[in-house]
2 protein chains.
Amino acid sequence: MLLRINRASRRPLDGHLAALAGEQVFCSEFSYRRGTEVFGEGEEAEYVYQILSGAVRTYKLLSDGRRQINSFHLPGDMFGLENGTTHRFSAEAVVETRVRITKRRSLLETMTSRDEGASSVLSLVTRTLQHAENHMLLLGRKTALERVAAFLLEMDERLVHPNVLTLPMSRRDIADYLGLTIETVSRAFSTLRDEEMLRFDGQTQREIILLDREGLAEYDA
Amino acid sequence: MLLRINRASRRPLDGHLAALAGEQVFCSEFSYRRGTEVFGEGEEAEYVYQILSGAVRTYKLLSDGRRQINSFHLPGDMFGLENGTTHRFSAEAVVETRVRITKRRSLLETMTSRDEGASSVLSLVTRTLQHAENHMLLLGRKTALERVAAFLLEMDERLVHPNVLTLPMSRRDIADYLGLTIETVSRAFSTLRDEEMLRFDGQTQREIILLDREGLAEYDA
DNA sequence: TGATTCCATTGATTTCGATCAACGGCGGAA
DNA sequence: TTCCGCCGTTGATCGAAATCAATGGAATCA
């Protein structure tokens, strides 16, 4: 695990983490180059992370290399908080990513000393669980087209309905998130393009304009 | 939602719920006949449940009836605790089931007033999340045989390695838990029987003797 | 105590998504 | 620049699991 340190200053948190941890918790900022590991499955869970810019994927591997991505973390999102002392999955930067890092210990201390902090941690874990429940339904019971449509709507919503949806992740990442292969994901994109549900913007195939959100929602159900 | 009330007494909790909620919380016991609903998706989350005997399935449905079972709850397990005010999924009794019911409100009150309670609730939610993460890997990336082997090992472990594994749920339930069809589940059972990983005990096909737990574990990976 | 419905298995066939393969385009490295 | 490796798409083929179908029990209930 190689990190490049941008800044490591002792200063109060702000934003989401501050609400969680309170003023007396200090933190630092780190940056990860695209494709680098933030932490690995089984490692000590020493820190909690909040994304400032970029994107992170968290995933599990089978021994033969099959990969399942649990979730993508976008700016503002927190990840890496565990109840035990070790990480139950790995995390990697999808693109160049800046994060704010807090010591797990100081976070958990405020959790027991402050009611507000406790319920904030709980609501973070609960939201993550809710996402996992929806994702199990997707992985267990939805068709390829339904999965890709759901993925697009999820990203669209999390990026607050931008005109152009700029996906930070590759088709491989999307496939491993949706339990499909890259070819199937690619074909689903092409189908949705042909049905004029979406349009590619620019040269790269990662800039997408959603033309018919209601149509996409009908694939989901 | 039709309930049959066995007993509704004001008395202190004991066991897991007591650790969670403290002595001043009161509760009652209910019984559900096999196949009956405990609560439905979208309903008010008024109570938290702990299983005394029997088994409960929690699941989500798609509009066309496709079903994904999140998890099976066995004696000792708690379920139905939500962070918001409504249930995010439905719950049904798999067999005749007795539960102990606690008002959500009193549980959440103790959560903020007692540090110990707060971290107990958190660890419950965290364990549920951990199960969901493992299940996403299963649903997204494992083969039918791997899923069924993992299912058997999970049930074996949760029932503390009994000599005869008595499954309370039907093949349909297992299929909807594993993201498969009943036929595929049945064929997987037959394959494992032919490979002498397991043996059926008695007439019903729900009493299973695991002959080779290590062999089963190799299917998982 | 039938009758009816559910349950589980097994066989035949189909199908959706995986796999194998080829190609063109982009981007980073020397 | 030129190379090489990734990235994404598309086509051809394969295969694992779904679907369709039939059967024999077990459980439930009128």
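Side chains included, hydrogens not; waters and symmetry mates left out as well; all remaining heavy atoms used. Quick note on labels: first sequence line is chain A, next is B, and so on, each numbered from 1.
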So that I can tick it off, tell me whether E29(A) and R98(A) are bridged by a salt bridge, with the cut-off set at under 4.0 angstrom between side-chain N and carboxylate O. yes
Quick check: does any side chain N or O of R33(B) sit under 3.5 Å from a backbone N or O of E96(B), one acting as donor and the other as acceptor? no
Sidechain N-carboxylate O distance under 4.0 Å for E41(A), R88(A): no
Taking any heavy-atom pair under 4.0 Å as a contact, classify L180(B): base, sugar-phosphate, or nothing. sugar-phosphate
Given dT9(C), dT10(D), dA17(D), identify the nucleotide with an atom nearest to the side chain of A144(B). dA17(D)
Atom-pair distance (CG on D173(A); P on dC7(D)), nearest Å: 8 Å
Could a donor-acceptor pair under 3.5 angstrom be found where the side chain of Q205(A) meets the base of dC26(C)? no
Less than 6.0 angstrom from the centroid, inside 45 degrees of the normal: does R104(A) satisfy that with respect to the ring of Y47(A)? no
Residues in residues 57-65 of chain B with a heavy atom under 4.0 Å of DNA chain C, by number, are none
For this output row, return yes or no: ring centroids of F39(B) and Y49(B) closer than 6.0 angstrom. yes
At 4.0 Å (heavy atoms only), tell me whether Q203(B) reaches a base, stays on the sugar-phosphate, or touches nothing. sugar-phosphate
Using a 4.0 Å heavy-atom cut-off, does T204(A) contact any base of the nucleic acid, only the sugar-phosphate backbone, or nothing at all? nothing
Does the pair E146(B)/R66(A) count as a salt bridge with the N-to-O cut at 4.0 Å? yes
Scan G179(A) against the nucleic acid and name what it touches under 4.0 Å (heavy atoms): base, sugar-phosphate only, or nothing. sugar-phosphate
Give a yes-or-no answer on whether the side chains of S123(B) and T126(B) include a donor-acceptor pair shorter than 3.5 Å. no
Checking only heavy atoms, does the side chain of R187(A) share a donor-acceptor pair with the base of dT19(C) at less than 3.5 Å? yes
Any stem touching DNA chain D, meaning at least three consecutive Watson-Crick or G-U pairs under 3.5 Å, ordered by first number, would be C:1-30 with D:1-30
Value in whole Å for how far the P atom of dA27(D) lies from CD of E207(B): 10 Å
Pair S190(B)-R187(B), side-chain donor/acceptor within less than 3.5 Å: no
Base, sugar-phosphate alone, or nothing: which one does R206(A) contact when heavy atoms must sit under 4.0 Å apart? sugar-phosphate
Can the positive tip of R147(B) be found less than 6.0 Å from the middle of the six-membered ring of Y177(B), inside 45° of the ring normal? no
So what does R147(A) hit on the nucleic acid, given a heavy-atom distance under 4.0 Å: a base, only sugar-phosphate, or nothing? nothing
On DNA chain D, compare the nucleotides closest to R141(A) and V185(A); which residue's is nearer the 5' end? V185(A)
Whole-Å gap separating P (dA18(C)) and CZ (R171(A)): 15 Å
Does T184(A) put a side-chain nitrogen or oxygen below 4.0 Å from OP1 or OP2 of dG17(C)? no
Taking atom P of dA18(C) as reference, at what distance in whole Å does atom CZ of R66(A) sit? 13 Å
Touch check for S170(B), heavy atoms < 4.0 angstrom, all strands: base, sugar-phosphate only, or nothing? sugar-phosphate
Would you kindly compare K142(A) and F189(B) by the position of their nearest DNA chain C nucleotide and give the one closer to the 5′ end? F189(B)
Within this structure, what is the CE-to-C1' distance between M169(B) and dA8(C), rounded to whole angstrom? 16 Å
Looking across every strand, which nucleic acid part, if any, lies under 4.0 Å from T181(B) by heavy atom: base, sugar-phosphate, or nothing? base
Could you tell me whether R158(A) and E154(A) make a salt bridge, using a distance below 4.0 angstrom between a side-chain N and a carboxylate O? yes
With the threshold set at 4.0 Å, does a side-chain nitrogen-carboxylate oxygen contact exist between R57(B) and D176(B)? no
dA18(D), dT9(D), dA18(C): which one has an atom nearest the side-chain heavy atoms of S190(A)? dT9(D)
Looking at R193(A), I'd like to know whether one of its side-chain N or O atoms comes within less than 4.0 Å of OP1 or OP2 on dG8(D). no
